[in-house]
Amino acid sequence: MSEFKLNNQQLVCVASFLAREGQEAALLAALAELIPDTRREAGCIRYELNVSRDEPRRITFVEKFVDLAAFEAHCAKDAIQHYFHHIMPELVESHQVETYHQVIV
């Protein structure tokens, strides 16, 4: 059996959005706009946008930050707040944001 430990320092976030019918391209474009600035944030390790093969309306970010403080700083950014409060309501049917610690094997 493999030994493992949790990386309790870094934070992994999986943010999944189900686009409203017909809004897939607009949602993808809105999310893609967040990538360049986020990748330049000091605490950002990974910020990757994905589209589901099985459900093309499902668009998901897989994110990794150096710690919780870096993730919280990211969430507080004007662009992220603007997305969640002004853009997302028009384009997203439902969403789920979960945070994790990576398992190191």
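No experiment lies behind these values; they were computed from the predicted model shown.
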Asks: Check salt bridge (charged side-chain N to carboxylate O under 4.0 Å, His left out) between Arg39 and all other residues, then give those that pass, not counting sequence neighbours.
Replies: none
Asks: With a 4.5 Å limit on heavy-atom distance, are the side chains of His74 and Tyr47 in contact?
Replies: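 In short, these two side chains touch, coming nearer than 4.5 Å.
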Asks: Minimum heavy-atom separation for Val97 to Cys13, with atom names?
Replies: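 Where Val97 meets Cys13 most closely, the heavy atoms are CG1-SG, 3.6 Å.
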Asks: For Glu33, enumerate each residue passing the side-chain hydrogen bond (donor to acceptor under 3.5 Å, both in side chains) test, keeping only those at least two apart in sequence or located in another chain.
Replies: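 Checked Glu33 against side-chain hydrogen bond (donor to acceptor under 3.5 Å, both in side chains); zero matches.
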Asks: Tell me, do His101 and Asn7 make a side-chain contact under 4.5 Å, heavy atoms counted?
Replies: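 Not in contact.
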Asks: Taking distance alone, no hydrogens or angles, what donor-acceptor pairs closer than 3.5 Å link side-chain atoms of residues 58-72 to residues at least two apart or in another chain?
Replies:
from  : atom 1 : to     : atom 2 : distance (Å)
Arg58 : NH1    : Ser16  : OG     : 3.3
Thr60 : OG1    : Ser16  : OG     : 3.2
Lys64 : NZ     : Gln10  : OE1    : 3.4
Lys64 : NZ     : Gln102 : OE1    : 2.5
Asp67 : OD1    : Ala69  : N      : 3.3
Asp67 : OD1    : Ala70  : N      : 2.8

Asks: Inspect the contact between Arg57 and Glu55 and indicate whether a charged nitrogen and a carboxylate oxygen are less than 4.0 angstrom apart.
Replies: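 Arg57 and Glu55: not salt-bridged.
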Asks: Among all residues two or more places apart in sequence or in another chain, which pass the salt bridge (charged side-chain N to carboxylate O under 4.0 Å, His left out) test with Arg40?
Replies: Asp37
Asks: Show the atom names and distances, to 0.1 Å, of all donor-acceptor pairs under 3.5 Å that link a side chain in residues 78-92 to residues at least two apart or in another chain.
Replies:
from  : atom 1 : to    : atom 2 : distance (Å)
Gln81 : OE1    : His85 : NE2    : 3.0
Gln81 : NE2    : Cys75 : O      : 2.7

Asks: Output all residues satisfying salt bridge (charged side-chain N to carboxylate O under 4.0 Å, His left out) with Glu98, sequence neighbours left out; order by chain, then residue number.
Replies: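 Testing Glu98 for salt bridge (charged side-chain N to carboxylate O under 4.0 Å, His left out), a comparison that skips the adjacent residues, returns none.
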Asks: So, taking the atom named CD in Glu48 and the one named CD1 in Ile45, what distance separates them when rounded to the nearest 0.5 Å?
Replies: 13.5 Å
Asks: Determine whether Ile104 and Val12 fall in the same hydrophobic cluster, where Ile, Leu, Val, Met, Phe, Trp and Tyr are linked whenever their side-chain heavy atoms lie under 4.5 Å apart.
Replies: no
